[in-house]
Structures are given as structure tokens and as C-alpha cells.
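Treat the numbers as computed from the prediction; the structure is a model and nothing was measured.
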Amino acid sequence: MIEYRRDRLFVEGFPADRLVERFGTPLYAYSTRAVLEAYGRVRAAFSRPGTMVCYALKANPNAGVCRLLARQGAGAEVVSGGELRRALAAGFPPEKIVFSGVGKTEEELRLAVRSGILAVNLESEAELDLLDDAARSLGRRAGFSVRLNPDVDAGTHEHVTTGTAAAKFGVERPRALAMYLKAARSRRLSSQGIHCHIGSQVTSVAPYRKACAAVVSFVGDLERRGVRLGFIDLGGGMGVSYGFGKGLDLPALASALSKELSSWPDKRLIVEPGRCLVAGAGVLLTTVLFRKKTTKKDFIVTDAGMTELLRPALYGAKHPILPARRRKGGASVVDVVGPVCETADHLGRGVKLGPCKQGDVLAVLMAGAYGFSMSSQYNSRPRPAEVLVDGNRAWISRQRETYRDIIRGEV
């Protein structure tokens, strides 16, 4: 889907340099075929009857991408009122939407109840009370699950580890049990399931197996107390290879979870993939502004930086960086940096890159997840355009921002 053909990089049937001629840079381009094939792989791996795949919108909430997945029958996992509105607008059925997040507002909970979504994933007893109040005021019943914190270290970056007792996410077992029992006394709350999420970019099956075992044990405690659940939601976080190491083995994960859940054949499994559906489908295209050498470094300065792709600055993440057109000649080791006034502003350090000059186009691969969704207007930089590519067709899915967009609303 994103590959070289005779030294020219293509996004499906569209040359990357032609995308730049047409739409400018910085530019996010997404392969529709890559999204659909990734979804197919997830569906094939998680073959347990009744499994529901809920796309994690935070990875990439682009309307075009969301519509593609909604049309394939996917559900959605959202973490804000804005994402819930996006999911509904994209066509995800309310009964296939779960709402996560540690700090939901009263307005967001009321929106969830009015929309009739499958479940709000609760993070505290105070949130349970607020959901009860919202349901009562609207005269509706609200489906919920509690996010159990299993105290499992997923072995990933500390910024995206969410399943340990030190994390702000989830509820420890005794309090979670008390929440379900309290909710059972409410006429407005309906316990739909149990939720768990241990982190992001997880590449080992073992942490999932351990977390699933903790959830299964907890479900047994609940059922012995008369609390019946319809689903077990084990979250997302399935890691992918960025060209530097292996991604998570999805069939192995699905097999391990099925074994752990074998004692509960009546419970529907929910998984919440985000990155593994869209990361490989996206590329960030950027133009070389300058080449700058010091006694210590050789810098390639581009028109994209941490405002377009934050992951390298925030997590030390590495992405493959390739030229849109390969030229003959020796490669050199360079730092690819952006124009933002921060030392941390880089797209790649120690990158081995062939001949490169001012005006050339570079492609940052594996940028479909947590790319545009984490972009910002820092340094008053307009955010880039997003395009979808299907075969040899390409179209704008999100217009490039203008300076007028940046100051809109200021007085």
C-alpha cells in the first residue's frame, strides 16, 4: 500500500510526490486499502463467537477513516464527548460504542445516556454517582462497566502504561466490587460488562493473559453475588512494528484470551484496537527546507516537526523516514528536525538517509496512529491537511488550517 516502485514512493496507486504537488506539505495521507486489510486481520484473529471490535478513535479520529471502519461493522471506543459525537456522525451504531476516560464531565455523561451507547466505562465511585444522576434526570437507563485496574505492568513506555496500581486509570478490585453492588441498588444503572486496559504499544501476550486472568477471577466474584455481566472488554494497546522490532502477535493474543475466557462462553469479548488498525496506513509527507551542518551534527530541517508528529519528542518514538524519490549515491547519518523552537523537536535522530537536498520530499512512515490526532498549533503553526487515497484517487478528508483558523475565536 505504501511502497517504492522504481525508486518512487507510492501510496496505493498515487505517487507521494504528486500528492505533495497537489496538496502541499506538511501532509498526512492514508491508504484506505491498508485500513481495511488491517481490520480484516483483526477480525480474522479474534474469531471467538460474538467478539466485537471497537475502534479506538483517539488513534486517528479522521472522519473518512472512521466511516471506513463503521461501514465494515466495527464499533467504537471513545474517550471524550467530542469523540462520541465524531463516532455517531461517522455512523458507528450507539449500541456498539463504549466510553472510556478518567475525567468525564456531567455534560459528557448526559450525552452518553441520551445517545443510548452500550456502556460508560466507569473510573470511580464518584463517576458512578454522576452517571446515576444523569440517567435519573433524563428518565433513562444507563449501561455501564467498571474499568478494573489489574495491577499489571505491560512493559511499555511509562507514559502509556495504564494498568498498574500507580496509574490514574481504573479501579482496584475491592472498590470495583463495591461499585457494582452499589449500582445494583439503582433503578437507573445497568451493569453491562467489565472493562480493563493495561497500556499502549504492548508487544507481549503475557501481560494481557495476566490481566485477563484477573478480570475472569473478578467476574466470578460478581456472579456469585448475583451481578450478571454481558461482556468482558479487555481494551486495546496492541503494539505494532515501526520497523525496529516486532509487533504483537494478534492470533497468539486471541488464542490466549479465548483460553482464559473458556469458563465464560456466554460473555461477549470486546477488544479496542486503534494503532494496529491505522498506524501502517498513514504517512506524513514533509518538504526539506534546509540542510545544516555543525561540528557535531548533520541536520535536515523540514517543514514538519513535533507540532505535526509529537511521538518522537514525547516518547522517543522512532519512525522510518524515506525519500519520496530515491537517488543514487551514498547515505549519511542525519538528524531530521522540524522548525519548532524546542530542542526536542525532531522526526528522527541518527537516520540513515541517501542524497537529500532542499526542496526534496521525505516520508515519515507508520504515522497513521497518534499523528494528526496529537498535533497542535504550538508556535502558531496551522495543522496540516489530511487526504485519503483509494487506488489512484486521492481526496481531501480534512482541509489544511489557515492562519485565520488559528486566531478564530480570539478577541
Side-chain angles (χ1 to χ4, degrees), residues 1-3 12 30-60 62 64-77 87 90-93 95-98 118 154 193 195-209 211-212 215-216 230-243 245-262 264-282 365-366 368-369 388-391:
M1 281 69 77
I2 301 175
E3 60 187 2
E12 296 199 19
Y30 308 120
S31 161
T32 59
R33 179 181 164 193
V35 173
L36 296 178
E37 290 190 0
Y39 180 72
R41 288 192 295 271
V42 171
R43 288 277 10 153
F46 290 93
S47 57
R48 188 176 192 266
T51 297
M52 184 162 71
V53 176
C54 288
Y55 171 56
L57 261 72
K58 58 183 171 289
N60 187 331
N62 178 272
V65 171
C66 288
R67 282 194 293 268
L68 277 177
L69 290 166
R71 289 168 187 160
Q72 295 302 303
E77 185 254 352
F92 291 103
E95 63 273 15
K96 288 186 174 182
I97 297 176
V98 292
L118 174 60
H195 181 241
C196 179
H197 180 80
I198 57 174
S200 186
Q201 186 54 9
V202 183
T203 56
S204 170
V205 171
Y208 284 103
R209 184 186 294 116
C212 187
V215 170
V216 167
F231 68 75
I232 294 175
D233 183 345
L234 293 171
M238 297 84 168
V240 302
S241 172
Y242 281 87
K246 294 182 178 180
L248 183 65
D249 186 333
L250 290 179
L253 173 63
S255 176
L257 296 184
S258 290
K259 289 177 183 177
E260 292 292 341
L261 296 171
S262 60
W264 297 106
D266 61 321
K267 308 301 181 199
R268 186 176 201 181
L269 172 64
I270 294 178
V271 291
E272 302 169 354
R275 186 192 312 268
C276 70
L277 293 179
V278 294
L365 305 188
M366 299 296 295
L388 292 179
V389 182
D390 184 3

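When atom types are taken as modelled, the side chain of Glu12 and the backbone of Thr32 share a donor-acceptor pair closer than 3.5 angstrom. Under the 3.5 Å distance criterion, the side-chain polar atoms of Gln201 are left unmatched by any main-chain donor or acceptor of Met238. No side-chain donor-acceptor contact under 3.5 Å links Tyr208 to the backbone of Leu234. The main-chain N or O of Gly368 is found under 3.5 Å from a side-chain atom of Asn60 such that the two form a donor-acceptor pair. Not a single donor-acceptor pair under 3.5 Å links the side chain of Gln72 to the backbone N or O of Tyr39.
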Side-chain donor-acceptor distances from residues 245-260 under 3.5 Å, at least two apart:
unit_1, atom_1, unit_2, atom_2, d
Asp249, OD1, Ala252, N, 3.1
Ser258, OG, Ala254, O, 3.0

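Qualifying side-chain hydrogen bond (donor to acceptor under 3.5 Å, both in side chains) partners for Tyr242, counting only residues two or more places apart in sequence or in other chains: Arg275. Partners of Arg48 by salt bridge (Lys or Arg N to Asp or Glu O under 4.0 Å), not counting sequence neighbours: none found. A search for side-chain hydrogen bond (donor to acceptor under 3.5 Å, both in side chains) contacts involving Arg268 returns nothing, not counting sequence neighbours. Partners of Glu95 under the salt bridge (Lys or Arg N to Asp or Glu O under 4.0 Å) rule, at least two apart in sequence or in another chain, do not exist in this structure. A search for side-chain contact (heavy atoms from CB on, under 4.5 Å) contacts involving Arg71 returns Arg67, not counting sequence neighbours. Shown here are the side-chain contact (heavy atoms from CB on, under 4.5 Å) partners of Ala281, two or more places apart in sequence or in another chain: Ala34, Val35. Judged as a side-chain contact (heavy atoms from CB on, under 4.5 Å), and not counting sequence neighbours, the contacts of Ala38 are Arg41, Leu277. With sequence neighbours left out, the side-chain contact (heavy atoms from CB on, under 4.5 Å) criterion links Lys96 to Met52, Pro93.
Here the straight-line distance linking atom CZ of Phe231 with atom CG of Leu118 works out to 5.0 Å at 0.5 Å rounding. The line from CD1 of Ile270 to SG of Cys196 is 13.0 Å long, rounded to the nearest 0.5 Å. Atom CG of Leu69 sits about 11.5 Å away from atom SG of Cys54, to the nearest 0.5 Å. A distance of 10.5 Å separates CD in Glu77 from OH in Tyr55, rounded to the nearest 0.5 Å. Here CZ of Arg43 is found 6.5 Å from OG1 of Thr51. Values are rounded to the nearest 0.5 Å.
Looking at every heavy atom in both residues, Gly280 comes nearest to Ile2 through O-CD1, 3.7 Å. Listed here is the closest heavy atom pair of Ala76 and Ala87: CB-CB, 4.0 Å. Residue Leu388 comes nearest to Gly64 through the heavy atom pair CD1-CA, 3.7 Å, listed as atom of the first residue, atom of the second, then distance.
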Problem set entry | Stepwise side chain to side chain donor-acceptor pair (under 3.5 Å) test for His195 and Glu272 | CA-CA 11 Å; His195 181 241; Glu272 302 169 354; 3.1 Å; yes
